[in-house]
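Residue numbers count from 1 along this sequence. Counting convention: from 1, in listed order, for ligands and their atoms alike.
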Amino acid sequence: MLKEIFAGVGLAVFVFLTLLGYNVFPVVVLMALLVTIFLLVNRNGVGLGGNAKKLEYTADADFTFDMIGGQNSAIQELQEALKFVLEREKIKVLGIRPIKGILLTGPPGTGKTLLAKAAANFTDSVFIAVSGSEFIQMYAGVGAERVRSLFKNARDKAQKGKKSSAIIFIDEIDILGGKRGTNVSHHEYDQTLNQLLVEMDGLKSDSATQILVLGATNRMEALDEALLRPGRFDRMVKVDLPDKEGRLAILKIHTRNKPLAEDADLARIAHETFGFSGAHLESLANEAAIFALREKEPAINQKHLKEAIDKVIMGEKSDRKPSPADLNRVAVHEAGHALISELLNPNSVSTVTIRPRGNALGYVRHNPEDESYLQTQKALENQIKIALAGALAEELVLGDRSTGATGDYAQTMNLVKHMIAAGMSGLGVVELEQLPQERVHEASSIILKDLEQQTRRLLEENLVLFKEIVDILADKEYITGEKLRECLAGLKAAS
Ligand code: ATP
């Protein structure tokens with residue numbers, strides 16, 4: 001409102017002076033210049049007073065820990081640390097220094113932001129969330145000023161809201177708190193980090209508002225050691241990808257507000273979504289509901305949930321229409337992957353399809369049987385054979401390979417390097433980084449040649465079944481793991 005009054009008065013003065021015959025042109029140019037600078041500075045969210053208000057948001061007041069699934073140990077660890085905020089008086093009497101910072105570390109989408117929001121609720125604190133990237137600007141000193149105003153803002157908000165504590169959540173803290181001296185424009189980065197350290201050092205247990213800083217990162221190794229020093233971020237809470245039970249808990253949370261059909265089996269979906277984060281699972285539940293809507297179904301059924309897994313992994317079905325020759329090649333390629341996968345790891349195939357989705361013309365989705373954190377040599381070799389089987393099937397049936405296998409080779413080379421690094425090659429125990437490229441290449445070739453030969457043999461021995469799978473795929477564009485296993489059992493019974 002004030003701005004409009006000033007603009008109106010300014011305009012009136014200009015018109016008046018012009019009518020009196022004054023030359024107002026230089027003043028107009030100067031004003032335009034000043035306004036441009038003001039807008040530019042503000043566009044970067046700086047605000048002339050270094051006000052970081054635009055970057056912050058406040059959490060839902062009623063977000064609690066039981067709305068977060070699959071993170072029981074992270075929640076427990078975090079709650080233990082938060083008792084320091086809740087039991088302030090006891091802590092003061094015993095002379096214990098307050099906790100100033102807690103780091104939440106883990107892959108993206110696992111619920112770090114949710115944990116911070118729930119922590120604010122748990123401790124009845126004011127909650128301010130910002131992202132590390134928003135502090136880094138091209139103007140020297142702006143980041144540091146923002147850090148200062150962030151802490152001041154937290155205190156002011158707590159006082160206004162009559163709260164005794166405030167939680168500042170800094171997402172992507174590695175951007176703001178990366179190792180000093182490593183950034184190109186490191187002076188600005190270093191100043192910002194220094195200011196954060198100064199603010200944290202200044203936090204006292206007897207101040208009216210207790211401030212706790214929660215930082216989130218998935219690049220722990222990038223953090224400056226000064227940040228991790230006792231008295232700063234000296235508590236660490238690991239927020240990992242959820243296991244099967246965790247995934248089920250998250251799926252239940254995100255389907256609470258959605259109607260589920262009787263055949264919807266969330267436990268089965270949790271089983272099939274190894275490697276999914278909470279964010280993936282939330283998206284899966286949402287996509288399944290969209291599929292139900294598209295099919296005009298009153299509730300989400302198992303087919304919608306399964307299709308949603310494909311959607312989350314591979315992206316939306318694409319409108320690309322491959323030529324009949326390409327379709328046949330894709331069917332041969334995917335049948336190769338699927339057959340070898342099922343032969344080496346029975347029950348491992350969930351679905352095979354040659355309907356284009358995302359960037360893929362076709363794909364095989366696997367069922368992870370048991371979640372395992374260690375991989376044996378045999379398991380790695382089997383994975384390589386499955387990855388190579390697509391190209392080898394094309395070669396066997398169509399006489400040559402195609403560019404469709406490029407992604408498979410990248411995966412194969414990663415697995416081979418993994419084997420060499422784990423001492424599973426003819427080179428014995430080695431340090432991969434120290435090995436000359438030629439030796440890595442030689443060792444890889446030996447492993448690959450042998451595995452290629454074994455895979456080719458397996459395909460040749462099962463050619464009848466292989467052709468049956470290709471025919472089904474060419475006809476229906478889709479084959480479930482169950483149907484694949486039926487074919488396999490039928491063939492075994494007949495022979
Ligand atoms: P990033 O590191 O990318 O910032 P993050 O770990 O902070 O990710 P969140 O922002 O907390 O992840 O999660 C994103 C969304 O994913 C949430 O809004 C929620 O819908 C869902 N989600 C993630 N983890 C969980 C979980 N453990 N329980 C329930 N929902 C979850």
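Under the salt bridge (Lys or Arg N to Asp or Glu O under 4.0 Å) criterion, Arg148 pairs with Glu145, sequence neighbours left out. For Lys385, the side-chain hydrogen bond (donor to acceptor under 3.5 Å, both in side chains) criterion is met by Gln454, not counting sequence neighbours.
The distance from ligand 1 to the heavy atoms of Lys112 drops below 4.0 Å at these ligand atoms: 2 (O), 5 (P), 6 (O), 7 (O), 11 (O), 12 (O). Each of the atoms 16 (O), 21 (C), 22 (N), 23 (C) of ligand 1 lies under 4.0 Å from some heavy atom of Ala279. The contact set between ligand 1 and Gly69, taken as ligand atoms under 4.0 Å from a residue heavy atom, comprises 26 (C), 27 (N), 28 (N), 29 (C).
Ring planes of Phe169 and Phe127: parallel class, angle under 30° (limits at 30 and 60°). Below 30°, between 30° and 60°, or above 60°: for His337 and His333 the angle between ring planes is above 60°, a perpendicular geometry.
Distance from atom 10 (O) of ligand 1 to its nearest protein heavy atom, with residue and atom name: Thr113 OG1, 3.3 Å. Counting only heavy atoms of the protein, atom 19 (C) of ligand 1 lies nearest to Leu114 CD1, 3.8 Å.
Salt bridge annotation for Asp310-Arg365: present, with a cationic side-chain nitrogen under 4.0 angstrom from a carboxylate oxygen.
Expressed to the nearest 0.5 Å, how far CG of Leu266 lies from CG of Leu281 amounts to 10.5 Å.
By the 4.0 Å heavy-atom criterion, Glu172 is excluded from the residues contacting ligand 1.
Counting only non-hydrogen atoms, the option in Ser277, Gly278, Gly109, Ala74 that gets closest to atom 8 (O) of ligand 1 is Gly109. Across the listed options Asp171, Thr217, Thr110, Thr110 owns the non-hydrogen atom lying nearest to atom 24 (N) of ligand 1. Of the listed options Met67, Glu282, His254, His254 places a heavy atom closest to atom 30 (N) of ligand 1.
Within a 6.0 Å sphere centred on CD of Glu221, other residues, nucleotides and ligands contribute more than 12 heavy atoms.
Taking distance alone, with nitrogen or oxygen atoms compared against 3.5 Å, Gly111 approaches ligand 1 more closely than that limit.
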